[in-house]
Amino acid sequence: MQATIPKKISIEDYLKQEEKANFKSEYINGKIIPMAGGTVNHNQIAGNIYAELHYAFKKQDYRVYMGDVRLWIPEKNSFTYPDIMVIEGDPIYYENRKDTILNPSLIIEVLSPSTENYDKEGKFFGYRTISGFSEYLLVS
């Protein structure tokens, strides 16, 4: 029996698919990785962190984004959905798409048993290649 090799898809096809999808998927160098569904606890933790940061930065030149804003990592040819991102100043958008940014200075991931290793290693390796990225916070 011969193993099948997953087909790589283009960025354009991935973005079109994401626009119609009922669930989010990450894109890693041509491969689509479906995201696990979040739990109530995960959502509440991320929401509380977002609310605190949003309030703390209200009168400063920072923007706080949560969950549904995609991140493009050019050096890794990847799109991810961090739980929370903070941007200093104005966002830089991927090809003028208002749903995908390039310039977070802080990324926060709420860990779960199914994503912990990926968040600690794979994602962090990619995040470190982003110009201007300076802080990574993992919440367990």
Side-chain angles (χ1 to χ4, degrees):
M1 178 178 257
Q2 203 172 22
T4 58
I5 299 171
K7 179 184 168 196
K8 287 189 173 189
I9 73 162
S10 70
I11 289 172
E12 295 77 20
D13 288 343
Y14 162 74
L15 292 172
K16 285 179 191 172
Q17 181 177 313
E18 277 297 277
E19 288 172 3
K20 299 179 211 166
N22 293 327
F23 57 90
K24 295 183 286 189
S25 295
E26 296 186 335
Y27 177 92
I28 302 173
N29 203 25
K31 296 178 185 164
I32 294 181
I33 313 295
M35 293 180 64
T39 64
V40 171
N41 192 43
H42 182 277
N43 184 271
Q44 191 164 22
I45 292 168
N48 288 342
I49 294 168
Y50 169 84
E52 290 293 328
L53 290 174
H54 182 71
Y55 180 76
F57 293 142
K58 193 172 187 170
K59 295 184 181 184
Q60 298 180 40
D61 195 20
Y62 292 92
R63 297 170 193 253
V64 184
Y65 298 101
M66 188 173 155
D68 289 332
V69 176
R70 193 173 30 240
L71 172 64
W72 169 240
I73 307 169
E75 297 223 7
K76 296 297 171 192
N77 196 34
S78 299
F79 290 97
T80 67
Y81 288 91
D83 290 318
I84 300 161
M85 293 184 283
V86 177
I87 295 173
E88 185 175 359
D90 292 326
I92 299 171
Y93 296 110
Y94 173 78
E95 296 188 358
N96 294 315
R97 295 182 62 98
K98 302 296 183 196
D99 59 356
T100 308
I101 61 164
L102 298 160
N103 61 323
S105 55
L106 165 65
I107 296 174
I108 300 170
E109 295 285 6
V110 178
L111 301 177
S112 65
S114 64
T115 65
E116 184 172 357
N117 288 338
Y118 176 49
D119 288 341
K120 286 182 175 179
E121 296 170 10
K123 278 189 174 180
F124 184 46
F125 184 71
Y127 294 161
R128 291 188 321 212
T129 67
I130 299 168
S131 177
F133 172 72
S134 61
E135 297 291 330
Y136 190 44
L137 178 63
L138 299 173
V139 179
S140 178

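Treat the numbers as computed from the prediction; the structure is a model and nothing was measured.
Under a hydrophobic-cluster definition in which Ile, Leu, Val, Met, Phe, Trp and Tyr are linked whenever side-chain heavy atoms come within less than 4.5 Å, directly or via other members, I101 and F79 are assigned to different clusters. M35 is connected to Y14 through a chain of hydrophobic side-chain contacts under 4.5 Å among Ile, Leu, Val, Met, Phe, Trp and Tyr, so both are in one cluster.
When all heavy atoms of G89 and R63 are compared, the pair lying nearest together is O-NE, 3.2 Å. Across T39 and H42, no two heavy atoms sit closer than the pair OG1-N, 3.0 Å. Minimum heavy-atom separation, F125 to R128: CD1-NH2, 3.3 Å. Here the shortest heavy-atom pairing between I130 and I107 reads CD1-CD1, 4.5 Å.
Residue-environment remark: CD (E19) exceeds the threshold of 12 foreign heavy atoms within 6.0 Å.
Distance check: T129 OG1 to K76 NZ gives 6.0 Å after rounding to the nearest 0.5 Å. Atom NZ of K98 is separated from atom CG of N96 by 6.0 Å, given to the nearest 0.5 angstrom. Atom CG of D119 sits about 5.5 Å away from atom CG of L111, to the nearest 0.5 Å. Note: I73 CD1 to I28 CD1 = 8.5 Å, rounded to the nearest 0.5 Å.
Side-chain heavy-atom separations under 4.5 angstrom define the hydrophobic clusters, and the remaining members of the one that includes I84 are I45, I49, Y50, L53, F57, Y62, V64, M66, V86, L106, I108, V110, L137, V139.
Listed by chain and number, the residues in a salt bridge (Lys or Arg N to Asp or Glu O under 4.0 Å) with E26 are K123 (sequence neighbours excluded). Listed by chain and number, the residues in a ring-ring contact (aromatic ring centres under 6.0 Å, His included) with Y136 are F124, Y127 (sequence neighbours excluded). Partners of Y93 by ring-ring contact (aromatic ring centres under 6.0 Å, His included), not counting sequence neighbours: none found. Under the side-chain hydrogen bond (donor to acceptor under 3.5 Å, both in side chains) criterion, E116 pairs with K120, not counting sequence neighbours. With sequence neighbours excluded, no residue satisfies ring-ring contact (aromatic ring centres under 6.0 Å, His included) with Y81.
For the pair R70/L15, a side-chain contact is recorded, criterion being any heavy-atom separation below 4.5 Å from C-beta on. A heavy-atom distance below 4.5 Å is not found between the side chains of Q17 and D13. Residues S25 and Y27 form no side-chain contact, since every pair of their non-hydrogen atoms from C-beta on lies 4.5 Å or further apart. Taking the side chain as every heavy atom from C-beta outward, P82 and E109 approach each other to under 4.5 Å. Here the side chains of W72 and N77 are in contact, with some heavy-atom distance below 4.5 Å.
When atom types are taken as modelled, the side chain of N29 and the backbone of K8 share no donor-acceptor pair closer than 3.5 angstrom. When atom types are taken as modelled, the side chain of N103 and the backbone of I92 share a donor-acceptor pair closer than 3.5 angstrom. Between the side chain of Y65 and the backbone N or O of I87 there is no donor-acceptor pair closer than 3.5 Å.
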*Evaluate the side chain to side chain contact (heavy atoms under 4.5 Å, CB included) criterion for residues I11 and Y94: first the C-alpha distance (whole Å), next the side-chain angles of each, then the deciding distance (0.1 Å), finally the verdict.*
CA-CA 12 Å; I11 289 172; Y94 173 78; 3.4 Å; yes
